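Beneath this line is the structure, given in structure tokens, with notes to follow.
Predicted model, so just to flag it, every value in this text is computed and none were measured. Letters go in sequence order (proteins before strands), and every chain restarts at 1.
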Amino acid sequence: MSGQKKYDDRAVSGINISNSEREEDLNELMRVRREKLEELRGTGVEPYGNRFERTHLARSILDDFPEMENQPVVIAGRIMSKREMGKASFAHVQDSSGQIQIYVRLNDVGPEAYDLFRKLDIGDIVGVKGKVFKTRKGEITVSAEHFNLLAKSLRPLPEKWHGLRDVELRYRQRYVDLVVNPGVKEVFETRSKIIRALRSFLDRNGFLEVETPMMQVIAGGAVARPFVTHHNALDMNLYLRIAPELFLKRLLVGGFEKVYEINRNFRNEGISTKHNPEFTMLEIYQAYADYSDMMDLTEKLISSVALEVLGTASIVYQGEEIDLSPKWTRISMLEAVKLHSGLDFSAVKDAAEARRAVKQAGIELEVAVSDSWGDILYRVFEELVEPKLIQPTFVVDFPVEVSPLAKRKAEEPGLTYRFELFIYGRELANAFSELNDPIDQKGRFAKQVEKRRAGDEEAHMMDEDYINALEYGMPPAGGLGIGIDRLIMLLTNSSSIRDVILFPLMKPRD
RNA sequence: GGGCCAUUAGCUCAGCUGGAAGAGCACCUGACUUUUAAUCAGGGUGUCGGUGGUUCGAGUCCACCAUGGCUCACCA
């Protein structure tokens, strides 16, 4: 028992016995660095420093050189390269703003400090005090008068020419990726700016940011398989949310009229370049609005964020020019399908006829026996139309069968006031006039529950409390969901969702 | 989950029809007081992803497994 306890303590404190305590496992590069570490300690140099006060970032020295020349500065950062030339040396130091060269001369720093400098490795974090000058070859440089070791690095960094290319290592050890591949940091800085711009746009327009449960008793608001977790004290299973939708609409019932949430959703499904099990979603709800208001909002939101963050609404994604300036094409699903497949579903009366029409048109499609007219229309749309929607396109009026939370069209009850936004063949946003008729909603849930009983794990569960809320009366409202990771992919020209998520889910090795 | 591809030094990669594991960077030793992919002289640091098999002999051929990439399926 006590042995078990000891093991747990070590696990919690992060000590990795198998890796760090077996010297014979260390390769020569790491062994040498550990020896240097001990040597430094032996000469009274603490290899892991404390607070360090710097005066300048690399960028500011480079940008303001004329004023900075000959001025004293204190910088701090990681040594990225080193060039020793006997009694003088150069190195590059990298901080959050970029890199700047330092020059260390025996005569300036003295023999002890110069010895210390020679022991430093690429990857070590140092603080440098010195004066700014320009070398003979014209590079702005800090001539060191004094320097401190702030953190000794025990592992060699990837090489300077190619950086870290191995995709698997880049994702597994993002910290290394960030150190050596400068473009990566830029993507995540842009990500942060995009999210800030979204928030500020919504805040300016009177929307209130709220937080709703990530752990839910009923995983609702979307069609997806949830993750299951367990609460010990209550001894009950909980789901990680697949969407915040039903909670945000409860807030409309409560009297909040314009709300939004930017947060993680979790879906227990396949992983791909477009899917990570946890992803960030923006959902917006506006009382007394409808789906065409949501289209206007989507256009304004995305185009103004692009303008604010990138300085242009005309972007290039994977070699394709995409114009995000309003107004975007709006086309009904029936028209879109007719345009791209020749099939006119408005003349098709039921599922049997739809099946025949698809077959006649020679479209290869796996159609389940239980599929309805709407299911088949939607499948044809996904298969033949989606990939062709490169420029921003709102596809409107989805079949009711695939839209269990959207309001029916008054004149065509088989369709709903729903749209999805497609850019580069990908779904980027999904929105509708919210269904606020509790009786209709209950009926739709019941249909979903039937599907669930028939084995469809992605179908909705019955949410009695949500119905209860609707029964109190929810104002008519427009609701909008935008996949933030995909938006960021688009705006940073990233081909994989893993390039816009700092720590994407990876299967452990071994 | 299916198909295709990849896995060799810390990193980036070569290694042909099976015949004694290689390069560049990094690292180590030495020289060098404005270099910058610093240079010059010397040094190879490895469970060839793992386990079996075929063979006199396997980094190389075969099977299975692991991880990853692309792609299809599912989804956002």
Determine: side-chain N/O of A:Lys36 to OP1/OP2 of B:C28, distance under 4.0 Å, yes or no. yes
Using the closest heavy atom to pick a nucleotide of RNA chain B for each, name whichever of A:Asp166 or A:Asn107 lands nearer the 5' end. A:Asp166
Stacked pair A:Phe279-B:A76, distance under 5.5 Å, angle under 30°: yes
Output yes when at least one side-chain N/O atom of A:Lys137 is less than 4.0 Å from OP1 or OP2 of B:U36, else no. yes
If the cut-off is 4.0 Å, is A:Arg105 near the phosphate of B:U34, judged by side-chain N/O to OP1 or OP2? no
Got a second to check how far A:Phe279's CZ is from A:Phe266's CZ, nearest 0.5 Å? 9.5 Å
Taking 4.0 Å as the cut-off, does a side-chain nitrogen or oxygen of A:Lys160 come that near to OP1 or OP2 on B:A37? no
Side chain of A:Phe90, heavy atoms from C-beta onward: which of B:A76, B:U33, B:U35 has the nearest atom to it? B:U35
Counting any heavy atom closer than 4.0 Å, what does A:Glu139 reach on the DNA or RNA strands: base, sugar-phosphate only, or nothing? base
Quick one: is B:C74 close enough that its OP1 or OP2 comes under 4.0 Å of any side-chain N or O from A:Arg379? yes
For B:A14, the Watson-Crick or wobble partner whose two distances fall under 3.5 Å: none
OP1 or OP2 of B:U35 less than 4.0 angstrom from a side-chain nitrogen or oxygen of A:Arg83, does that happen here? no
The side chain of A:Glu28 is closest to which nucleotide in this list: B:C11, B:A26, B:C27? B:C27
Answer with yes or no whether A:Glu168 presents, from its side chain, a donor or acceptor under 3.5 Å of a partner atom in the base of B:U7. no
